[in-house]
**Student:** 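Sending over a structure as structure tokens; questions will come in a sec.
Fair warning: this is a prediction, and the values are worked out from it, not measured in the lab. Letters A, B, ... mirror the listed sequences (proteins, then strands); counts begin at 1.
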Amino acid sequence: MHDIRWIRENAEAFDAGLARRGLDPIAKKVLEADARRRATRTKVQEAKNRRNGLSEQIGAARRRGEEASALVAEVGGLKDLIRDSEAEERRLDAGIEELLSPLPNLPADDAPDGFDETANVEVRRVGEPPRFDFDAQDHVDLGAALGMMDFEAAARISGARFVVLEGGLARLERALANFMLDVQTEEFGYRETKPPSLVRDAAAYGTGQLPKFAGDLFRTEDGYWLIPTAEVPLTNLAGGRILAEDDLPIRRVACTPCYRSEAGAAGKDTRGMIRQHEFTKVELVAIAHPDRSDEELEYMTGCAEAILKRLGLAYRVVALGCGDLGFSARKTYDIEVWLPGQDAYREISSCSNCGDFQARRMDARFRPGGQPRGTRFAHTLNGSGLAVGRALIAVVENYQRADGAVVVPEVLRPYMGSLEVIRAGG
RNA sequence: GGAGGGGUGGCCGAGUGGUCGAAGGCGCGCGCUUGGAGAGCGCGUGUACGCUUGCGUACCGUGGGUUCGAAUCCCACCCCCUCCGCCA
């Protein structure tokens, strides 16, 4: 949600920010509605001021045992005015909410200009893609040959865009999740958190999924939303609260299932488990001081990269162009891992600084220390650390052998009962 | 699913029609005290908005209603808790 006062004072910058996202200017419309609302508010307040004064006189007169019917008649004339003006004020409030709530966050100054993927800027490239002296297969063929990845079985019980993992690959997924959680909690200061996977409207609104992206989510019959990412519950844990400045940053990590109804709607990535309705993700969230959220984004991105480094996977970090930014983000780094099966770098993590955009929506504030009054909105950040399903793909494809077996990366072996190679029949 | 109880400021908790933006406590800030800390004492401490630099308005879960006037009375809704039932 945008700060109406900021728009008032920075109308041109506001429209310029929207333009960088490829959106039409709207400040003029917003400010006109805002002016009408303020005029109405003033009218209401003046009427109430008169009413309150008269009511006080009535009370005083009655306590003295005096007649007050003249005063009562006078204040009675204000009732309609107040009721109608208040209704008008609420209508204008709703109108402004309707204008502002679908608007995405403004890009950070240092987010690259441009409207599509070609605008993305590669920040760094780490590690070398493996070279195979045989024809490398993708994870679908490898998984099928191992007898551990079954899309047909999943389709029978759930339909398209689901997968059944079995045996060594099922265990590999669990090992990856546990490895990621342990690194983030033990080395980087994230507090392990196990949030609900179903949330209410207010939470989905707080992180920006609602009202605009309801169609991307699954919803239960009794009105819960299935989380598309643990960002939703983790970030909302700070909602409606006033935190202590000394407690910032608050860093949390969670491994949850993620549910996306939109996955595959565009017909992209129809093969394999790149894009699924349900997948596992280890998510990082930070509630940060506004003055330090930029450095927190760098820190968080480094925490996600650490996982790839230790898994020995080649990757690159890309700063997203304005047009590619998510709804709530002001700056985003995507981390793309090398997938031999696709002969390409593919997104495995996305780390974003949302500034105070989500904090306003969910009312996440902190009280600056050393002063008894006043609050400020916190900044919120989130990043995958990492998408577990895609990490599994990456391991399978990068660690494949000519015989179709998959070598278990060393850091995962303690999580796999010291298993060194995943073979068919295992 | 059945029955009951309850939502008040950063937190706890009083308050049944005007003197309530709201007692008291905790916490927090400043000061006194101390070698220092603590205790103790004193003072101060909600948020948002509007017009204007001092006022005004709103907010006691949300929205309606009654009334000259609502935290307080009425209605609807949301949420939380307890007990019973069911259940991983």
**Student:** Is A/R241 touching bases, backbone alone, or none of the nucleic acid, heavy atoms closer than 4.0 Å?
**Tutor:**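 Result for A/R241 = nothing.
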
**Student:** On the six-membered ring of A/F179, is A/R310 placed so that its NZ or CZ lies under 6.0 angstrom from the centre and within 45° of the ring axis?
**Tutor:**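 No cation-pi geometry.
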
**Student:** In whole angstrom, give the distance that lies between atom CZ of A/R5 and atom P of B/rU47.
**Tutor:**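 From A/R5 CZ to B/rU47 P: 13 Å.
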
**Student:** Searching all strands shown, indicate the nucleotide that pairs with B/rG63 (Watson-Crick or G-U wobble; both distances under 3.5 Å).
**Tutor:**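 Its partner is B/rC75 (Watson-Crick or G-U wobble, both distances under 3.5 Å).
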
**Student:** Is it true that a side-chain atom of A/R51 and a backbone atom of A/V75 form a donor plus acceptor pair closer than 3.5 Å?
**Tutor:**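 It does not hold such a pair.
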
**Student:** Any strand is fair game: report the nucleotide pairing with B/rG18 by Watson-Crick or G-U wobble, both distances under 3.5 Å, or none.
**Tutor:**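 Pairing partner: B/rC68.
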
**Student:** Under 4.0 angstrom, heavy atoms only, what part of the nucleic acid is A/L54 near: base, sugar-phosphate, or nothing?
**Tutor:**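 Counting heavy atoms under 4.0 Å across all strands, no contact is made by A/L54.
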
**Student:** Once you round it to whole Å, what is the distance between C1' of B/rG10 and CZ of A/R365?
**Tutor:**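 Atom-to-atom, A/R365 to B/rG10, this comes out as 10 Å.
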
**Student:** Taking A/Y333 for its side chain and A/G383 for its backbone only, find out whether a donor-acceptor pair lies under 3.5 Å.
**Tutor:**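 Absent.
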
**Student:** A/I4 has an atom CD1; how far is it from atom C1' of B/rG50, in whole Å?
**Tutor:**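 A/I4 atom CD1 is separated from B/rG50 atom C1' by 14 Å.
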
**Student:** With the side chain of A/R90 defined as its heavy atoms from C-beta on, choose the nearest nucleotide among B/rU57, B/rC51, B/rG64.
**Tutor:**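 The nucleotide sitting nearest to the side chain is B/rG64.
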
**Student:** Just call it for A/R8: base, sugar-phosphate, or nothing, with non-hydrogen atoms closer than 4.0 Å on any strand.
**Tutor:**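 The answer is sugar-phosphate, as A/R8 gets under 4.0 Å only of primed atoms, P, OP1 or OP2.
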
**Student:** For A/E46 and B/rC51, give me the distance from atom CD to atom C1', rounded to whole Å.
**Tutor:**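 Taking CD of A/E46 and C1' of B/rC51, I get 8 Å after rounding.
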
**Student:** Provide, to the nearest angstrom, the distance between the CZ atom belonging to A/R367 and the C1' atom belonging to B/rG10.
**Tutor:**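 After rounding, the gap between these two atoms is 5 Å.
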
**Student:** Do the side-chain N or O atoms of A/N52 get closer than 4.0 angstrom to the phosphate oxygens (OP1, OP2) of B/rG69?
**Tutor:**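 No, outside the criterion.
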
**Student:** Taking the six-membered ring of A/Y205, is NZ or CZ of A/R361 closer than 6.0 Å to its centre and within 45° of its axis?
**Tutor:**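 Yes, A/R361 and A/Y205 form such a contact.
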
**Student:** Look at the side chain of A/E56 against the base of B/rG18 and say whether a donor-acceptor pair falls under 3.5 Å; ignore hydrogens and angles.
**Tutor:**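 No such pair is found, so the answer is no.
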
**Student:** Who is the Watson-Crick or G-U wobble partner of B/rG38, with both distances under 3.5 Å?
**Tutor:**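 Checking every strand shown, B/rG38 finds no partner, since no pair has both distances under 3.5 Å.
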
**Student:** Whole angstrom is fine here: how far is it from CZ in A/R50 over to P in B/rA58?
**Tutor:**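 The distance from CZ of A/R50 to P of B/rA58 comes to 14 Å, rounded to the nearest Å.
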
**Student:** With no hydrogens and no angle check, do the side chains of A/Q358 and A/E231 hold a donor and an acceptor under 3.5 Å apart?
**Tutor:**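 On atom types as modelled, these side chains qualify, holding a pair under 3.5 Å.
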
**Student:** For the side chain of A/V75, counting heavy atoms from C-beta on, which of B/rU47, B/rC49, B/rC68 is nearest?
**Tutor:**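 Within the option list, the nearest is B/rC68.
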
